[in-house]
Amino acid sequence: MKLYCLSSHPNKPCYVLKFKEITLMLDCGLSAHTVLNFLPLPLVHSPRLNSLANWMPRDCSDAQLEGELKECCGRIFVDSAPEFCPPLAKIVDYSEIDVILISNYMSMLALPFITERTGFKGIVYATEPTLQIGRFFLEELVQYIELTPKASLASHWKEVLHVLPPPLCDSLKPRSWQQLYSLTDVHSSLARIQIVGYDEKLDVYGALQVMPVSSGYCLGSSNWVISSDHEKISYVSGSSTLTTHPRPMDQQALKNSNVLIMTGLTQTPTANPDAMLGDLCMTVVSTLRNNGSVLIPCYPSGVVYDLFECLSGHLDSTALSHIPMFFISPVADTSLGLIYIFAEWLSQAKQNKVYLPEEPFPHAYLVKTGRLKHFKHIYADGFSSDFRQPCVVFCGHPSLRFGDSVHFIELWSSNPQHTVIFTEPDFPYLEALAPFQPIAMKAVHCPIDTSLNFTQANKLIRDLKPNNLVLPESYTQPPTAYPNRLDLVVQQPDHNVIPVKRGEVIMLPLRRKLKKAELNPEVAEVLITNEVKPGILLASFTGPMNVKNNKYEMNLDDEAEKSKQRPNCIEDVWKDYCYEFGSLDIDQFIQRLAMDGIKNAKLEPGPSGYIIHLQDEDVLITVDERSTHIYCGASDQQLRLRLRNILLQCLSKF
Amino acid sequence: MPEIRVTPLGAGQDVGRSCILLSIGNKNVMLDCGMHMGYNDERRFPDFSYVTAEGPVTNFVDCVIISHFHLDHCGALPYFTEMVGYSGPIYMTHPTKAIAPILLEDMRKVAVEKKGESNFFTSQMIKDCMKKVIAVTLHQSVMVDSNLEIKAYYAGHVLGAAMFSIRVGSQSVVYTGDYNMTPDRHLGAAWIDKCRPDLLITESTYATTIRDSKRCRERDFLKKVHECIDRGGKVLIPVFALGRAQELCILLETYWERMNLKIPIYFAAGLTEKANNYYKMFITWTNQKIRKTFVQRNMFDFKHIKPFDKSYIDNPGAMVVFATPGMLHAGLSLQIFKKLAPNENNMIIMPGFCVSGTVGHKVLNGAKKIEFENRQVIEVKMSVQYMSFSAHADAKGIMQLIQYCEPKNVLLVHGEAPKMEFLKEKIRQEFNLDCFMPANGETFVLETRFNIPIDVSLPLLKAEAKRYNATPPDPKKPRIIHGVLVVKDNSTCLMDVDEACREAGITRHVIRFTSTVRLDDPGPSSQTLDKLQRLFVERMEGTWSIQQTDGSLSIESVLVKVEGGEHEQKTVYVSWTNQDERLGSLVLEFIQNIGQNETGSL
């Protein structure tokens, strides 16, 4: 069993598992970190960004590099359509992948790269919310980038990486970065997804069974249990043990695995999500009280649902319920509409509301009463007439490189009354803000990452008791920002920990010994069993075996009668195979020989047992603990068969 | 031999009060727990004393499965849990769990408040009962305990209706509940995978009907409604609050829109809005089209359909009224019926099946006068139309389902005996399957044969695969495996003999025979061996693996060695184990023949 690691980011995972001749891809995450190296794509003309000075490395005269790099706020950015880092392509042949398992909508953004740009021919499994929410995640991303097309595509800077200043020079393999896919790619890619439900057992070519189980991280998020007859591998991706809106995590199903692959732990291990939510509410209120507005760059689904609910409640209690909340995203209406139909995927508390039937989220009510207004874009119909300040704006993209968030940052950054609050943990907020510096507006970092933290992960592993634990290498040492925090590590001295990083292929220590099969009951009826020891029965079996879809069935040999005829092949000889065991009682044997008229047997001690010499005939029998050997001439076959019969009477067999 | 036992407490050669006891691999499962709409006495509920005469019933039932929210499938559940005392697990889908308590409460009100019945379950009992329900999702494999596994499939009959497969070890049963094989305006078609159950328990409401196309029926329905309102008549459509009602509402709504009609349509139940809310929230259970378009336009927000008030019935002029319940056995639909029946301009459209004993059943059978309990007699002059919109599979659909899941036996429930007989014959003819139809209280026993699960050691399988792949493919020749079955601690494993001995902790005793033949063949002994090999390959009948290694020749595992100097007589040793006796003596005989007949020909 082999595991290939194709992603460098544990929260945007992509693994390939080869087991029993089946190739499974686990998740298809896309690292969007790369976009931070590019200049923002403003929705409206920005004189500031348009008049940036070109930057050239010293002693470099490559004319083609001219204009690709710009200096902005003391940093160097690439002036080009942004590029992303898809999963590593070189060590795996994508056309061999049988199945892709998607854990949640956050770890499927590279799917079109794999399904549409390689020779991929397999199927993709995901839950219905993962598919539906994933669909609008992908659509939003594509629409953001397509809205602000760049004429040029910079590529020469990748050749002179060594002369570029940090952080650009530290870029990981920028030559493999790719431009984003198109909407057509998205739709044909998603059409390959087959919808599955929690605890649904899926058969993979009769060799493996895969089953998604609830992971508690977001709507429809799952972990996967991959099992064969006697082996079990659990893949834990983004999981959460906190109580938010999704169904709670199912831990039972992951217990006692031979191998546990764990990834997707929190990206902000030092921040407590509950405390951050409290900070966020307080910051919003104090900003609004100062007549300022709040920008919350966000994704179109996920924690943002909890933010609407929590923040509206908090505004109510602070007499600020007249403050409007704006949710601006090309997919805002779909996002708000869809969450209502996933009743079965919600937490118990939210599900109980559905039974009443009450709406599980207050969003429809907030929309109906005009407190939450959603628009496709800032230039959508009605936005300018509805827009008033102070207000709270939720919009994408959290990287601040494209989408409406770019506009609001440009608009508000010079006013100290306003605040931008960073909640999504995917991008370091200072890097996101880098091309807009210096800013007068307040920037507050309240990362809300509900994924497992290290304490929770360590406890979970102890409860799950896997034989082997595979972890991204970064989880085995403290984060670079906190080199002394030994508590921010997965520490499992009792488990065999196997660290893995991008580009590595590891052999997982899993020895298969048994395979399940079926025995036709007719066989059981005719089979002769021997109790060789109390409670242990043995029976020799020879019969035809049906192999279909990796299922083995042992049947009765309907030609057993033919075994009396002259054998034609070794299978014919097998039919009367049976085995003797135990040691030979030499006195009994001699006695029996005598009873049969063979009286001249001369018993002598041999090197490791006895030697019996039949003096009248030229026959020698050597006997030891484990074997009896009869030597005789070819002409003495009648005698040999007599001896054989007597010998068999003295031994047990099965 | 292992058995599967099925006893219908209701729905055996009957429609209504579905309740079927299933015993499979020492587990007892109750399939549905319905009530009979045609009775007002104790016959209304299944006879639970059958389960056990005394002692807690929970000890005898491992779980209860409810297929959908119709009362003839779940109406007795609060009675069973709160009054009979069952406290074990109950399974149903999420929409069923949401909607069933509303229908139960509705029914309870009619029974207690309108008919004044006592000894009925209370509102609190319904709530307590529903708390014990475990909701399941489609295709989720639910382990009731370590041996009993259930799985729900989409049934399409009403929102949240499901078929269930029940599995214990190698034995399995599929219970369909009510299902529909043709998608309609709001629901999809039933689907099941090729799960090959030992027994398929299927409903057979429309066992003899092959219905015409849905489109024709819809056109017919709209034409009749339109004709009636054109002559100023009132149309009564008795329905269940949830299910068909929504489908017909969508149908009328789009027709009104298209024809620009202004005649009022009323929906007479406080449930409408609530009901539509359920549809909105469980939209994943509706059909593809509704699911795709709901963000833009929710199909269940009706423009033309308004809530009904009792006073409206005396309004002059045409109208269309949907009223509950669907079988006219009580409630508002019955009241409206009494008002409208005497006028020949009016029309009643019965869109579904009516249980015998109900007013609906009498009307459908053409009764012109109906007498009520209070001696009131109503003349039925209105036109009576029956349109089968109730979403059961017809004969074609039932056959299709059998084709989907490939059962080994079929058992019919939820239908009328004569119709079942017909279908039974048809299933026998078409699929050559045994088909059964036990009556209520009658126990059907099915003896099942199933394969015994065993393990096979991988080295043994790999050795076999290697041998198999090395031989030329021959489709007629079966793959033969040989090994030793080890039965230990309740498990059986097939392995190689040496592994088996190790596993059992015994030592083999190997018997070996060595016989010698003398041959006159001058030349080095290795040359003699080569000659023997050639002769074996050329003349020995059958397919054998013949090889020479380390100066000895092996025919499979029989060894042949030649000794003797260049100019001497050669001694040929043939050695084999007791297992190879037949091959060993064959080889020996072969060499002897050479020695006797063909000396010099070597």
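So that the names make sense, note that chain A is the first sequence line, chain B the second, and so on, each numbered from 1.
- Using a 4.5 Å cut-off between heavy atoms, B:Leu460 makes no contact with chain A at all.
- Among A:Phe654, A:Tyr577, A:Phe541, the one residue that satisfies the side-chain contact (heavy atoms from CB on, under 4.5 Å) test with B:Val484 is A:Phe654.
- Side-chain contact of A:Glu580 with B:Asn578: a donor-acceptor pair under 3.5 Å is present, judged by distance alone.
- In this structure A:Tyr125 satisfies the ring-ring contact (aromatic ring centres under 6.0 Å, His included) test with no other residue, sequence neighbours excluded.
- When side chains are defined from C-beta on, A:Glu344 counts as touching B:Trp285, because their heavy atoms get closer than 4.5 Å.
- Top candidate by heavy-atom pairs under 4.5 Å with chain A, chosen from B:Pro95, B:Ser515, B:Ala135, is B:Ser515.
- Listed options A:Leu584, A:Leu202, A:Asp229, A:Asp199 were ranked by heavy-atom pairs under 4.5 angstrom with chain B; first place goes to A:Asp199.
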Does the side-chain contact (heavy atoms from CB on, under 4.5 Å) test come out yes or no for A:Val573 and B:Trp544, once each step is laid out?
-> CA-CA 11 Å; A:Val573 184; B:Trp544 306 99; 3.9 Å; yes
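- Counting heavy atoms from C-beta on, the side chains of A:Lys513 and B:Glu499 never come closer than 4.5 Å.
- For A:Leu647, the part lying under 4.5 angstrom from a heavy atom of chain B is the side chain only.
- When side chains are defined from C-beta on, A:Lys575 does not count as touching B:His482, because their heavy atoms never get closer than 4.5 Å.
- Of the possible polar contacts, none joining the A:Arg644 side chain to the B:Ile511 backbone as a donor-acceptor pair under 3.5 Å is found.
- Counting only N and O atoms by type, the side chains of A:Tyr355 and B:His94 include a donor and acceptor under 3.5 Å apart.
- Residues A:Glu625 and B:Thr507 are not in side-chain contact: their nearest non-hydrogen atoms beyond the backbone lie 4.5 Å or more apart.
- Heavy atoms closer than 4.5 Å to chain A are found in the side chain of B:Leu461, but not in its backbone.
- Closest approach of A:Ala517 to B:Val456, counting heavy atoms only: CB-CG2, 3.4 Å.
- Of the possible donor and acceptor atoms, one in the side chain of B:Gln579 sits under 3.5 Å from a partner among the backbone N and O of A:Cys578.
- There is no contact between A:Met211 and chain B, counting heavy-atom distances below 4.5 Å.
- A:Leu336 does not touch chain B: none of its heavy atoms, backbone or side chain, sits under 4.5 Å away.
- Remark: the backbone N or O of A:Glu200 is not paired with any side-chain donor or acceptor of B:His139 at under 3.5 angstrom.
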Pair A:Lys533-B:Glu503, salt bridge (charged side-chain N to carboxylate O under 4.0 Å, His left out): steps then yes or no | CA-CA 11 Å; A:Lys533 268 190 177 177; B:Glu503 190 66 30; over 6 Å; no
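- Side-chain contact between A:Glu571 and B:Lys477 is present, with at least one heavy-atom pair separated by less than 4.5 Å.
- For A:Glu358, the part lying under 4.5 angstrom from a heavy atom of chain B is the backbone only.
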Using the salt bridge (charged side-chain N to carboxylate O under 4.0 Å, His left out) rule, take A:Lys516 and B:Asp455 through it: C-alpha gap first, then chi angles, then the decisive distance, then the call.
-> CA-CA 4 Å; A:Lys516 280 216 164 83; B:Asp455 286 323; 5.1 Å; no
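- Neither the backbone nor the side chain of A:Val619 comes within less than 4.5 Å of any heavy atom in chain B.
- In terms of heavy-atom pairs under 4.5 Å with chain A, the best-connected choice from B:Ile555, B:Ile283, B:Thr492 is B:Ile283.
- Applying the ring-ring contact (aromatic ring centres under 6.0 Å, His included) criterion to A:Tyr198, with sequence neighbours excluded, gives A:Trp345.
- Side-chain contact between B:Arg449 and A:Glu522 is present, with heavy atoms from C-beta onward closer than 4.5 Å.
- The two atoms that bring A:Ala634 and B:Leu588 nearest to each other are CB-CD1, 4.0 Å, heavy atoms only.
- By the 4.5 Å heavy-atom criterion applied to side chains, A:His629 and B:Ser575 are counted as neighbours.
- Residue contact with chain A, scored on non-hydrogen atoms closer than 4.5 Å, involves the side chain of B:Glu556 exclusively.
- A donor-acceptor pair shorter than 3.5 Å can be found between the side chains of B:His509 and A:Thr628.
- Neither the backbone nor the side chain of A:Leu620 comes within contact range of chain B, judged by heavy atoms closer than 4.5 Å.
- Only the side chain of B:Phe282 comes within less than 4.5 Å of a heavy atom of chain A; its backbone N, CA, C and O stay farther away.
- Contact annotation: the side chain of A:Ile536 never approaches that of B:Ile506 to less than 4.5 Å [non-hydrogen atoms, C-beta and beyond].
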side-chain contact (heavy atoms from CB on, under 4.5 Å) between B:Val510 and A:Arg626, intermediate numbers included | CA-CA 6 Å; B:Val510 179; A:Arg626 294 163 179 252; over 6 Å; no
From CA spacing to verdict: side-chain contact (heavy atoms from CB on, under 4.5 Å), A:Thr542, B:Ile481 | CA-CA 6 Å; A:Thr542 305; B:Ile481 191 150; over 6 Å; no
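- Counting heavy-atom pairs closer than 4.5 Å to chain A, the top residue among B:Lys97, B:Arg512, B:Glu464 is B:Arg512.
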